[in-house]
Amino acid sequence: MDTDALTAGLLQELRAVKPYPALSLTMPTHRRTPDHAQDTVRLRNLVAEAVGRLEADPAVTREARIAVKEQLDRAVAEVDPRRSLDALVLLVSADEHQLWQLPRTVPERVVLSDTYLTRNLVAAKAQAQPFWALTVSAERAALWSGTTDVLHPAESNGFPLTAPREAPNPQRKEQIGDTPSTFSDEETRNFLRTVDEKLRTVLAADPRPLYLVGLPPALALLDEVGETAASAVGRVTKGAPADMTPSDLRKELKPALDERQQRFAAEIDGKLDEARGRRAFAGGLDEVWAAVREGRAGLVAVEENFQQTVRVADAHLEPVGDDADLSDSSIREDIVDELVESALDSGTDVVFLADGSLTEHGRIAAALRY
């Protein structure tokens, strides 16, 4: 699955307590073909480690071990190197398995617990900046789910929608002398009202920035008959044919996506400046981590590819080198993802900015509530 599939409801399910053992396997992967071979070897080694731990753990019954190994084998069989991004996460229990491809790197890890490890999924979704795009005309409306890496049709919640059409009425033309305009007849208005209602349901269940794509008359009528169009962060006034491909739509959306990202980065920079002015600012991993743990962070900004391995000592974080002993329980390889998940769980806004945006603040900063 891709990160845009991680809804609040699904995350709640993943975090639910499960019969022991629930297995979480994470590993970095490569997007380019020449490097896929080493990913295969790494996955094979981690699977062997997982199986060894299942067999050695006295708390795992024979029945549970067999069931989890069967689900793990199924998960591994579904791995498609052609879809690789920057990380692979396998979540496996006796009853299910899930495979996640993430656009954010993770450390190698095998965890046996009574819940799945979710921090990497949460951080990857926050970084991926998911959005909705609606392509609309008088005849058809399609919903698309997008992130920084992926764009695909969202064929759920009633989408795509096709307008019902009556046969032409020659008697109307004889009696009145014309035929109704496409964007003025009540049939089209009712269709776009339905589109608005369906879209409102989607946004309520999974709020994301919304982009609209369509000819000006279609977008104007959607504005007139509904409520959701007003919340759109970007518009592309161009027709969207029914056979439009994801790559074609992404090209059309790119200027709007880039423009919003620039506005968004400037807005975040302004909020951080305001926090510095009122002395409610934290900069650097150690300060931000402490602020999040204390519940004082209202906004956390992180550079997209910032990762740091640290040692937790005396309630502070100490950066460590590549030669650190990863078996040491005080070492945290993915402290940034852990921080992001904790921040989101406490109601803190978390945003990712381009690399280099926060260099002077140690690549991570926070505006504090107090």
- Query: Glu304 and Phe352: which non-hydrogen atoms are nearest, and at how many Å?
  - Reply: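 The pair with the smallest heavy-atom distance is CA-CD2, 3.9 Å.
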
- Query: So which heavy atom on Ala218 is nearest to which on Val136, and how close?
  - Reply: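 Heavy atoms only, the tightest pair is CB-O, 4.0 Å.
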
- Query: Going only through I, L, V, M, F, W and Y residues with side-chain contacts under 4.5 Å, is there a path from Met27 to Val79?
  - Reply: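 Result: yes, single cluster for both.
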
- Check the hydrophobic clustering (I, L, V, M, F, W, Y; side-chain heavy atoms under 4.5 Å; chains of links allowed) and say if Leu368 and Leu272 are grouped together.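 Per the 4.5 Å side-chain linkage, Leu368 and Leu272 are not co-clustered.
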
Does [atom1] in [X] sit with more than 12 non-hydrogen atoms of other residues, nucleotides or ligands closer than 6.0 Å?
| X | atom1 | answer |
| --- | --- | --- |
| Arg311 | CZ | no |
| Arg278 | CZ | yes |
| Arg83 | CZ | no |

I'd like to know if [X] pairs up with [Y] as an ion pair, taking the criterion as any Lys NZ or Arg NE/NH1/NH2 lying under 4.0 Å from an Asp or Glu carboxylate oxygen.
| X | Y | result |
| --- | --- | --- |
| Arg119 | Asp334 | yes |
| Lys69 | Asp73 | no |
| Asp95 | Lys18 | no |

- Task: Under the salt bridge (charged side-chain N to carboxylate O under 4.0 Å, His left out) rule, what do Arg263 and Glu259 come out as? Steps first, then yes or no, please.
- Result: CA-CA 6 Å; Arg263 294 198 314 267; Glu259 181 183 353; 3.4 Å; yes

- Message: What verdict does the salt bridge (charged side-chain N to carboxylate O under 4.0 Å, His left out) test give for Glu55 and Arg65, after you've listed the backbone C-alpha separation in whole Å, the side-chain angles of each residue and the deciding distance to 0.1 Å?
- Response: CA-CA 7 Å; Glu55 292 175 345; Arg65 181 172 63 252; 5.2 Å; no

- Query: What pairs of residues pass the salt bridge (charged side-chain N to carboxylate O under 4.0 Å, His left out) test when at least one of them lies in residues 146-162, not counting sequence neighbours?
  - Reply: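 Only Arg31-Asp149 qualify under salt bridge (charged side-chain N to carboxylate O under 4.0 Å, His left out).
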
- Message: Could you walk me through whether Arg53 and Glu49 satisfy the salt bridge (charged side-chain N to carboxylate O under 4.0 Å, His left out) test, starting with their C-alpha distance in whole Å, then the side-chain angles of each, then the deciding distance to 0.1 Å, before giving a yes or no?
- Response: CA-CA 6 Å; Arg53 291 183 49 185; Glu49 178 186 341; 3.8 Å; yes

- Task: Output, in order, the C-alpha distance, side-chain angles, deciding distance and verdict of salt bridge (charged side-chain N to carboxylate O under 4.0 Å, His left out) for Arg189 and Asp185.
- Result: CA-CA 7 Å; Arg189 298 174 71 86; Asp185 67 55; over 6 Å; no

- Which residues pass the side chain to side chain contact (heavy atoms under 4.5 Å, CB included) test with Ala128, sequence neighbours left out?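 So Ala128 forms a side chain to side chain contact (heavy atoms under 4.5 Å, CB included) with Thr3, Pro103, Thr147, Thr148.
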
- Query: Within the side chain of Arg250, is there an N or O that forms a donor-acceptor pair under 3.5 Å with the backbone of Val150?
  - Reply: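 At least one qualifying donor-acceptor pair exists.
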
